[in-house]
Structures are given as C-alpha cells and as structure tokens.
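What follows is a short report on a single structure.
Numbers restart at 1 for each chain; the letters A, B, ... are given by sequence-line order, proteins then strands. Computed from a predicted model, the values in this text were never measured in an experiment.
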Amino acid sequence: MPELPEVETVRDGLDRLVTGAVVRDVEVFRDYSVRRHDGGPAGFVDQLRGRRLAGAARRGKYLWLPLTDVAPTGQTVPAAALLAHLGMSGQLLVRDPAVAGEWEHPHLRARIHLDGAPSGARYLDFVDQRTFGHLSVTDLAPTPDGAPGGRGSPLPAVPEPVAHIGRDLLDPALDRPALVERVRRRRTGIKRALLDQAVVSGVGNIYADEALWRARVHYARATDRMTRPVVGRVLDAATEVMTEALGQGGTSFDDLYVDVNGESGYFSRSLAVYGRLGEPCRRCATPVRRDEFMNRSSFTCPVCQPRPRNGRW
DNA sequence: GTTTATTCCTGAGCGC
DNA sequence: TGCGCTCAGGAATAAA
C-alpha cells in the first residue's frame, strides 16, 4: 500500500526521469481514473497536451508534477499541476518501449506520451488494479505559511485539492509543537488522529500500526488525555519508521506497490506487527493480535500496548 | 464545528 | 474446474 515512503520513492524517480519532458499526447483507458478532474477525460487530455513537466513534488501521499507552457510566449512559472494519488494500488511507471518492448500492463488506466525526457523514456504509465487512485490537472494555490508546498516543491504553493491536507512528518516546514497541540485537541483515539490527513499527512494503516508499536501506545488511547511527551513519542516513532522504510525503497507485499521502474521495496521484512497475526512480538514474544478497526485491521502487541481502560475508539 | 460511518473498486485467495 | 464469498484500504462524502 503506498504511504509516504512509497510515494516519496516514486516522486524521486519521476523527478530524475521525466523532469523537462513535454507531453505529446495522453490516452485515458478508464474514465474512473480521472474522476476527480473537472472537465472529464477529454478536458484532462486537453489540459496536459503540449505542456512541460517542470518537476515532481509531494505532500503526504499526494504527488504532483508542476506544468509550464512550452511556447516562448507562455508562462514559465507553473500555475497548474498534474496531480496524482496512488490510492491502494496505483503505480506510475516510466517506460521506454524501445528498451522494454510494447508490453502493456493489464491494469493500465492512462498513458502519457513524452518527448524529451532526460531518461529517454517515452511513456509515463498510470497502472492501478483497485482503481482507488486518480489523476487530475488542477490549479496551484499559495500556502498560507508562505513555505514551500512540500518535498520537491520550490514554490510556496500546492494543488487546490491538497490545500486542506496537513504537512507531513518529513516536511522541514512542519510546525511540530503546533502538531502536538492539534493532536491533543482532538477528541478521538490516537490512531484515528494519525490517519486523519488534515491533522498530519502521509501516515496510513501500516505505518500507524508500526509507529504505535514502537512507541508502546495502544491505538485507542484518547488523544485529549495524552501528555505532550507521549504524543511526541508517537510522532517520533512514525517519523523514524517512515525514514527507515524510505531508505529501503518502501514496503512491498506483492506487485501492488513498485517504484517508477517496477521494482519492489524491501521494508516489509522489517515490519514488527503489521500483518503478523499470531507471530511473536519482536520485543516480548507475545503473539501479535489483530482487531477490527475502522473497517480495516489493527495489529498490536497485547503486552507492549495494553488497551486503555478509558480510551476512545 | 467536530467526529464517525459509508462508499467507491478489483482481483487474489479460499472453501465447497 | 468453477462458483461465490471475504478481504485489502485512502479519503471524499454523508450522516450523526
């Protein structure tokens, strides 16, 4: 599942391999994949064709490629961007058919034809089995704090659909003390707060479970009854686990997450609790437990992370 | 205004 | 072999 480390791995690949390329043409094979675009598939194609990909930026799990005009009379400062969210299974693959052949992935949803990519690649393919991911072209909106919009973004701007998303834990412009207070003002459980992208972005189910295990905190702990040091410990753990995962190219369980070259990451070998039902806790050997939570799973060590008596679901 | 439940979607994996 | 069922889950949206 692409969370922050996986999306950052993809962003880095796009930055290196397609920055400067011009969009020659666009094919949309499944309209649902551009459902968030105002103007439908035809408008999506129209707004991309002939424009230059000026870089690759990211905040949380959102990824965008700022767009500039190619004509000498055109704008050189990006006012719009190609925005992507990978959902559960989205992939952005940079491909050169001259090297890899004309093979098409069975879940290819859209193809962006490129001219002049630094890597020589011809295609930027959007592949998405479970179709929760999406692409759109949107305007850029200025950031309220005047700081860069996110990783890889020199401009103090983000795509409009990203404006309500909080900065992520790896963002140098994140106001950490303010984040601690934001968490403590919530009247909910700590895992819900971690997963709320408006509070802090980039954390999904896997890294939330891993961070809580590292911090020895149960997911139902009430945020408004947690001390600043304990909230800080959870945020530190989340930062730490995502930084480590990034160093290993992200977490892959199967071929649903790969980088821009189709390669898997290795962090799944380092997971302490996620997906390890019944297996021994890496600290105390107690079998890992699985609870149903928010229509998904939560994995905890029952000893290291005791359930609070008066927690919040 | 804040918090929570529902909904979207596909295909792998499993039991019968 | 093949059918039907369950499960995975990010985040917009509706509902409480």
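Of the candidate nucleotides C:dT13, B:dT4, C:dA11, B:dT4 has the atom lying nearest to any side-chain atom of A:Arg192. Among the nucleotides C:dA8, B:dT3, C:dG10, the one closest to the side chain of A:Glu3 is C:dG10. You'll find that the side chain of A:Gln129 is closest to B:dT10, out of C:dA8, B:dT10, C:dA12. Comparing atom distances between the A:Tyr62 side chain and each of C:dA12, B:dT10, B:dA5 picks out C:dA12 as nearest. Relative to the side chain of A:Thr131, the nucleotides B:dC9, C:dG10, B:dT4 differ in distance, and B:dC9 lies closest.
Between A:Lys191 and A:Asp196, no side-chain nitrogen of the basic residue sits less than 4.0 Å from a carboxylate oxygen of the acidic one, so the salt-bridge criterion is not met. Classification of A:Asp128 and A:Arg130 as a salt-bridged pair fails, no side-chain N sitting under 4.0 Å from a carboxylate O. Salt bridge A:Asp125/A:Arg111: present, at least one basic N to carboxylate O contact under 4.0 Å. Salt-bridge annotation for A:Arg58 and A:Asp168: present, with a side-chain N of the basic residue lying under 4.0 Å from a carboxylate O of the acidic one. Checked for salt-bridge contact, A:Glu6 and A:Lys61 miss the test: no charged N lies under 4.0 Å from a carboxylate O. Between A:Arg167 and A:Asp145 a salt bridge is recorded (basic side-chain N to carboxylate O distance below 4.0 Å). Salt bridge status for A:Asp224 with A:Arg184: absent, with no side-chain N to carboxylate O gap under 4.0 Å.
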N/O to N/O distances under 3.5 Å, protein versus nucleotides 2-5 of chain C:
none

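For the pair A:Arg186 and B:dT3, the criterion of a side-chain N or O lying under 4.0 Å from OP1 or OP2 is met. The shortest distance between the side-chain N/O atoms of A:His107 and the OP1/OP2 oxygens of B:dG11 is below 4.0 Å. Distances shown here put a side-chain N or O of A:Arg30 below 4.0 Å from the OP1 or OP2 atom of B:dT10. In this structure, A:Thr188 reaches the B:dT4 phosphate: one of its side-chain N or O atoms is under 4.0 Å from OP1 or OP2.
The nearest whole Å value for the distance from the CZ atom in A:Arg290 to the P atom in C:dT6 is 14 Å. Across the protein-nucleic acid pair, A:His134 atom NE2 and B:dC9 atom C1' stand 13 Å apart, rounded to whole Å. Atom P of nucleotide C:dA11 and atom CE of A:Met294 are separated by 11 Å, given to the nearest angstrom. Here the P atom of nucleotide B:dT10 and the CG atom of A:Asp31 are 13 Å apart, to the nearest Å. Rounded to whole Å, atom C1' of C:dT6 lies 16 Å from atom CZ of A:Arg296. In this structure, the CZ atom of A:Phe132 is 15 Å from the P atom of B:dT6, given to the nearest Å. Atom CG of A:Leu277 and atom C1' of C:dA8 are 15 Å apart (whole Å). For the pair A:Asp38 CG and C:dA12 P, the computed distance is 14 Å after rounding to whole Å.
Contact annotation for A:Arg187: backbone-only contact, meaning every heavy-atom pair under 4.0 Å involves sugar-phosphate atoms and none involves a base. A:Arg182 comes within 4.0 angstrom of nothing in the nucleic acid, heavy atoms only. Residue contacts for A:Arg312: at a heavy-atom cut-off of 4.0 Å it reaches no nucleic acid atom on any strand shown. No contact: A:Phe293 has no heavy atom under 4.0 Å from any strand. If you check every strand for non-hydrogen atoms under 4.0 Å, A:Asn295 touches a base. Within 4.0 Å of A:His164, counting heavy atoms only, lie sugar-phosphate atoms of the nucleic acid but no base atom.
Considering A:Arg109, A:His105, A:Glu104 as possible partners of A:Val127, the one that fulfils the side chain to side chain contact (heavy atoms under 4.5 Å, CB included) test is A:His105. Of the residues listed (A:Leu124, A:Asp15, A:Ile112), the one engaging A:Leu65 in a side chain to side chain contact (heavy atoms under 4.5 Å, CB included) is A:Leu124, and it is the only one.
At a cut-off of 3.5 angstrom, the base of C:dA12 holds no donor-acceptor pair with the side chain of A:Arg36.
The side-chain heavy atoms of A:Val137 and A:Leu67, taken from C-beta on, include a pair separated by under 4.5 Å. Contact check for A:Leu174 versus A:Leu169: side-chain heavy atoms found under the 4.5 Å cut-off.
Proximity of residues 194-202 of chain A to DNA chain C (heavy atom under 4.0 angstrom from any strand atom) is restricted to A:Gln197.
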